[in-house]
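These notes are about the structure you will find just below.
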2 protein chains.
Amino acid sequence: MRIGELGQATGVDIETIRHYEKIGLLSPPAREANGYRNYDAAHVERLAFIRHCRALDMPLAEVKRLLDFVAHPEADCGDINRLIEEQLGRVRERLSSMQALEKQLVALRARCGENHTARECGILHELVAASHEPEGRQR
Amino acid sequence: MRIGELGQATGVDIETIRHYEKIGLLSPPAREANGYRNYDAAHVERLAFIRHCRALDMPLAEVKRLLDFVAHPEADCGDINRLIEEQLGRVRERLSSMQALEKQLVALRARCGENHTARECGILHELVAASHEPEGRQR
DNA sequence: GAACACCCTGTAGCGGCTACAGGGTCAAGG
DNA sequence: CCTTGACCCTGTAGCCGCTACAGGGTGTTC
Ligand SMILES: [Zn+2]
Ligand SMILES: [Zn+2]
Ligand SMILES: [Zn+2]
Ligand SMILES: [Zn+2]
């Protein structure tokens, strides 16, 4: 199948597919006589796998590591475990900082009353005032 | 004060300070005879404000808009309100997708038992299997 | 006069795409 | 036969928000 069909089949932009090939994440497919890329079922499989991992917000470098495991199934599984664990750690860290962020934004929003000018805006005052304190009371 | 002192005072890397100047976020300071940047109190104020907004994960483009409000306090505050609202919307969207992500990763981790090879690893099997289904059951 | 801390400009890199520019290929329709 | 259109190719540059050099200049101290 050609690149357009592969994109159709997996819901991936063809520019992205070429990008994955360029960075060595998706193996170069065969070429037709006219130079067009010609993908097979394994490519569909692989690309779907990549996208699934990306949907789990894994960096491409980690996806690459996982693909290596798929290619060499005799390897020990401990590393896979660790990879997921690391990923989970990062996600949780990000999650908690985003929760703190949401709280701050909600508080900020509450500072703004009815129509007035920027000079009298509680949001702006709060932002200016807050930037006078050392960052990170919440730590 | 020189750039190093400003960095000290605000906890911002001097490369970052020069970067902010280059992209027009921080106004160019005066220069000493030898060409060294010479900042004043207003710059400290402004830089602290920028960093505080960044800590709230605002894109620099929005920080710029806020700085415009600070500079023109006669403007209507409605836009400030909207800006914070948009920011909150983005944060919440990201937050809920990260929560879903965390769940998936926890489920994934549970699939891996004791020591075994990648071939028998439940995580890998799950990832491969999941990539066969159309993405986004959760939507 | 040499070591050191500081400063300057400019360029290139990161990740993960996205968007061109400037071409080639091939089937259907006027 | 020729044009239109859909598809494909390569290569380069841009996005964000930094970060890291390379290759220099300045100014104080021993
Ligand atoms: Zn207001
Ligand atoms: Zn102030
Ligand atoms: Zn396992
Ligand atoms: Zn399969």
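Convention: sequence-line order gives letters A, B, ...; per-chain numbering from 1.
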- What's the CG-P distance between A:Leu25 and C:dG15, to the nearest Å? 12 Å
- Any A:Thr16 side-chain N or O less than 4.0 Å from OP1/OP2 of C:dT18: yes
- Less than 3.5 Å between a donor and an acceptor, one on the side chain of A:Glu15 and one on the base of C:dC20, is that the case here? yes
- Query: Would you say the side chain of A:Thr16 lies within less than 4.5 Å of the side chain of A:Arg51, judging by non-hydrogen atoms?
  - Reply: yes
- Item | the helix from C:dG1-D:dC30 to C:dG30-D:dC1: angle between end helix axes, five pairs per end, rounded to 10 degrees | 40°
- For residues A:Val106 and B:Arg92, determine if any side-chain heavy atom of one lies less than 4.5 Å from a side-chain heavy atom of the other. yes
Pairs: protein N or O with nucleotides 4-9 of chain D N or O, under 3.5 Å:
{"residue": "D:dC8", "atom": "OP1", "partner": "A:Gly4", "partner atom": "N", "Å": "2.8"}
{"residue": "D:dC9", "atom": "OP1", "partner": "A:Arg37", "partner atom": "N", "Å": "2.8"}
{"residue": "D:dC9", "atom": "OP1", "partner": "A:Arg37", "partner atom": "NH1", "Å": "2.9"}
{"residue": "D:dC9", "atom": "OP2", "partner": "A:Arg18", "partner atom": "NH1", "Å": "2.7"}
{"residue": "D:dC9", "atom": "OP2", "partner": "A:Arg37", "partner atom": "NH1", "Å": "3.3"}
{"residue": "D:dC9", "atom": "O5'", "partner": "A:Arg37", "partner atom": "NH1", "Å": "3.4"}
{"residue": "D:dC9", "atom": "O3'", "partner": "A:Arg31", "partner atom": "NH1", "Å": "3.4"}

- Message: Measure CG/A:Asp13 against C1'/C:dG16 and give the value in whole Å, please.
- Response: 12 Å
- Item | From B:Leu67 atom CG to B:Glu62 atom CD, the distance as rounded to the nearest 0.5 Å | 12.0 Å
- Message: Among D:dG17, C:dT11, C:dT18, which nucleotide has an atom closest to any side-chain atom of A:His19?
- Response: C:dT18
- Message: Between B:Gln87 and B:Leu56 (side chain of the first, backbone of the second, donor and acceptor by atom type, cut-off under 3.5 Å), is there such a pair?
- Response: yes
- Item | Ion pair check, B:Asp79 and B:Arg82, cut-off under 4.0 Å | yes
- Tell me: NZ of B:Lys64 to C1' of D:dG17, nearest whole Å? 13 Å
- Note on the structure: By nearest-nucleotide position on DNA chain D, the 5'-leaning member of B:Ala61 and B:Glu32 is B:Ala61
- Message: Check this one for me: any side-chain N or O of B:Tyr20 less than 4.0 Å away from OP1 or OP2 of D:dG17?
- Response: no
- Message: Between C1' on D:dG17 and CG on B:Leu26, what's the gap in Å once rounded to a whole number?
- Response: 15 Å
- Using whole Å, report how far CE of B:Met58 lies from C1' of D:dG17. 16 Å
- Do B:His132 and A:Glu45 have side-chain atoms, one donor and one acceptor, less than 3.5 Å apart? yes
- Who passes side chain to side chain contact (heavy atoms under 4.5 Å, CB included) against A:Glu5, sequence neighbours left out? A:Met1, A:Arg2
- Item | Heavy-atom check, side chain of B:Glu102 versus side chain of A:Asp57, under 4.5 Å | no
- Query: Can you tell me how far P of D:dG17 sits from CD1 of B:Ile50, to the nearest Å?
  - Reply: 12 Å
- Query: Where the side chain of A:His43 meets the backbone of A:Ser27, is there a donor-acceptor pair that is under 3.5 Å apart?
  - Reply: yes
- Message: Rounding to an integer number of Å, can you tell me how far B:Lys22 NZ sits from D:dC18 P?
- Response: 13 Å
